[in-house]
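Because the structure is a prediction, the values reported are computed rather than measured.
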Amino acid sequence: MSQPSEPILQIKDVAKIYPGEGKSTTVLDHISFDVYKEFLCIVGPSGCGKSTLLRIIDGLDKPTSGQVLFHGQPITSPSPKVGVIFQTFALIPWKTVLGNVQMAISSTPIAKEEQLKIAQKYIQDVGLEGFESSYPKELSGGMKQRVGIARALALQPEVLLMDEPFSSLDALTAENLRREVLDIWRDPAYPTGSVIMVTHNVQEAVEMADRVVVLSARPAKIVDDVKIDLERPRSPRDPVLYDLADRIISKIS
């Protein structure tokens, strides 16, 4: 995949150390990579700091040293240009589907009437038309994650971060949502150019990504950066995908 000369995101020498009594814990050990207009996955052993790195990229957490740049400017706090989809859905239980999605843009200067139209559009785009008045407790896991996707997209972000978004779903629902997320990302009607997804599922990573950044066990270092130049849609039975998955697994096992 050809890449423009200027990256959208730059992760520069990021380290994260948690102080402790008598001994500190290094989670991220000087991580550096650039992100272009692409679908990038981050994989690594459980507990290696993948989600911590994602939080730092979003500005929800601060690195001990190093920095994250968005179009050359440091990220120091969450930005509406960067949307996040969480593993646990993170929906507000007392708000409806419409309320949860509209909440994402409630603090923006967009007029309330326009906020409502935007929320309704993205609810429709993720296949939840007719469920606007439903509450999270009335939804299946897949429907809850669709609300999370609609909420993130309502911000019309340039970068979309996803933290193991399919791990709590059944296999068929997860497969359908993977395909829908790829369709949305590739649709020029959406402004989202870059997706960074953390996953523990290596097969999922090679099926979806243009690139896979592979982290070691804690303290996490980058041990591989795998380009996947395969046309989409990809068959999970493609032997090339098996070879790529084997390459990645060998680095993290």
Side-chain angles (χ1 to χ4, degrees), residues 1 3 9 11 28 31 33-55 57 83-89 126-127 140-146 148-149 152-153 159-187 192-218 220-253:
M1 179 179 179
Q3 292 174 336
L9 279 170
I11 291 80
L28 302 173
I31 303 288
F33 60 95
D34 293 342
V35 182
Y36 298 85
K37 192 172 182 179
E38 60 185 332
F39 197 116
L40 184 144
C41 281
I42 300 172
V43 302
S46 180
C48 75
K50 300 184 294 294
S51 295
T52 299
L53 179 57
L54 210 67
R55 288 173 60 83
I57 293 171
V84 187
I85 297 171
F86 299 97
Q87 174 185 358
T88 54
F89 314 131
V126 299
S140 68
M143 293 169 77
K144 288 176 184 175
Q145 194 57 293
R146 280 184 166 84
I149 293 168
L153 292 175
V159 177
L160 184 61
L161 307 179
M162 301 196 294
D163 190 0
E164 300 196 13
F166 314 116
S167 62
S168 60
L169 306 176
D170 67 84
L172 185 59
T173 301
E175 185 57 41
N176 289 335
L177 265 181
R178 287 186 199 107
R179 186 169 57 250
E180 289 173 25
V181 165
L182 282 172
D183 287 345
I184 287 170
W185 166 66
R186 297 169 72 194
D187 188 336
T192 304
S194 302
V195 176
I196 303 176
M197 183 175 82
V198 160
T199 178
H200 65 276
N201 185 332
V202 173
Q203 196 65 36
E204 177 178 86
V206 298
E207 283 182 35
M208 295 187 75
D210 297 309
R211 257 174 84 205
V212 181
V213 171
V214 187
L215 301 183
S216 68
R218 196 172 64 220
K221 295 184 171 77
I222 293 177
V223 292
D224 208 348
D225 190 331
V226 184
K227 286 190 177 181
I228 303 178
D229 290 318
L230 295 174
E231 292 294 319
R232 296 184 177 92
R234 297 169 182 167
S235 167
R237 296 179 179 84
D238 188 333
V240 177
L241 290 185
Y242 282 121
D243 290 344
L244 288 166
D246 286 346
R247 168 181 165 179
I248 292 167
I249 290 168
S250 72
K251 298 291 178 69
I252 61 180
S253 59

Quick one: does [X]'s side chain get under 4.5 Å of [Y]'s, heavy atoms only?
X      : Y      : result
Val202 : Ile252 : yes
Asp163 : Val84  : no
Met208 : Val195 : no
Asn201 : Phe166 : no

Where the side chain of [X] meets the backbone of [Y], is there a donor-acceptor pair that is under 3.5 Å apart?
X      : Y      : answer
Asp210 : Phe39  : yes
Arg237 : Tyr242 : no
Arg211 : Tyr36  : no
Glu38  : Gly193 : no
Thr192 : Trp185 : no
Gln87  : Ser167 : no

Query - Which residues share a side chain to side chain contact (heavy atoms under 4.5 Å, CB included) with Ala205, sequence neighbours left out - result: Cys41, Val43, Thr199, Val212

Output the distance between atom [atom1] ([X]) and atom [atom2] ([Y]), rounded to the nearest 0.5 Å.
X      : Y      : atom1 : atom2 : answer
Arg146 : Leu169 : CZ    : CG    : 9.0 Å
Asp246 : Leu241 : CG    : CG    : 11.0 Å
Leu53  : Ile196 : CG    : CD1   : 8.0 Å
Asp224 : Arg247 : CG    : CZ    : 4.0 Å
Phe33  : Asp225 : CZ    : CG    : 8.5 Å
Ile149 : Leu160 : CD1   : CG    : 8.5 Å

Which atoms form the tightest heavy-atom contact between [X] and [Y], and what is the distance?
X      : Y      : result
Arg234 : Leu230 : NH2-O, 3.1 Å
Cys48  : Ser216 : CB-O, 3.3 Å
Leu28  : Thr52  : CD1-CG2, 4.2 Å
Gln145 : Pro165 : NE2-O, 2.6 Å
Glu180 : Val126 : OE1-O, 4.3 Å

Report task. Answer yes or no: does atom CZ of Arg218 have more than 12 heavy-atom neighbours from other residues, nucleotides or ligands under 6.0 Å? Result ->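 No, the 6.0 Å shell around CZ holds no more than 12 heavy atoms from other groups.
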
Query - Partner of Glu164 under side-chain contact (heavy atoms from CB on, under 4.5 Å), chosen from Ile85, Val198, Leu54 - result: Val198

**Report entry** Candidate pair Arg178 and Met197, rule side chain to side chain contact (heavy atoms under 4.5 Å, CB included), full reasoning
**Finding:** CA-CA 11 Å; Arg178 287 186 199 107; Met197 183 175 82; over 6 Å; no

Requested in this report: Output every pair passing salt bridge (Lys or Arg N to Asp or Glu O under 4.0 Å) with a member in residues 40-55, not counting sequence neighbours, ordered by first then second residue.
Outcome: none

Query raised in the report: Does the side chain of Asp238 pick up a donor-acceptor pair with the side chain of Ser235 at under 3.5 Å?
Result: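 Per modelled atom types, Asp238 and Ser235 side chains form no pair under 3.5 Å.
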
Query raised in the report: How far apart are the C-alpha atoms of Ile31 and Leu215, what are their side-chain angles, what is the distance that settles it, and do they pass the side chain to side chain contact (heavy atoms under 4.5 Å, CB included) test?
Result: CA-CA 9 Å; Ile31 303 288; Leu215 301 183; 3.9 Å; yes

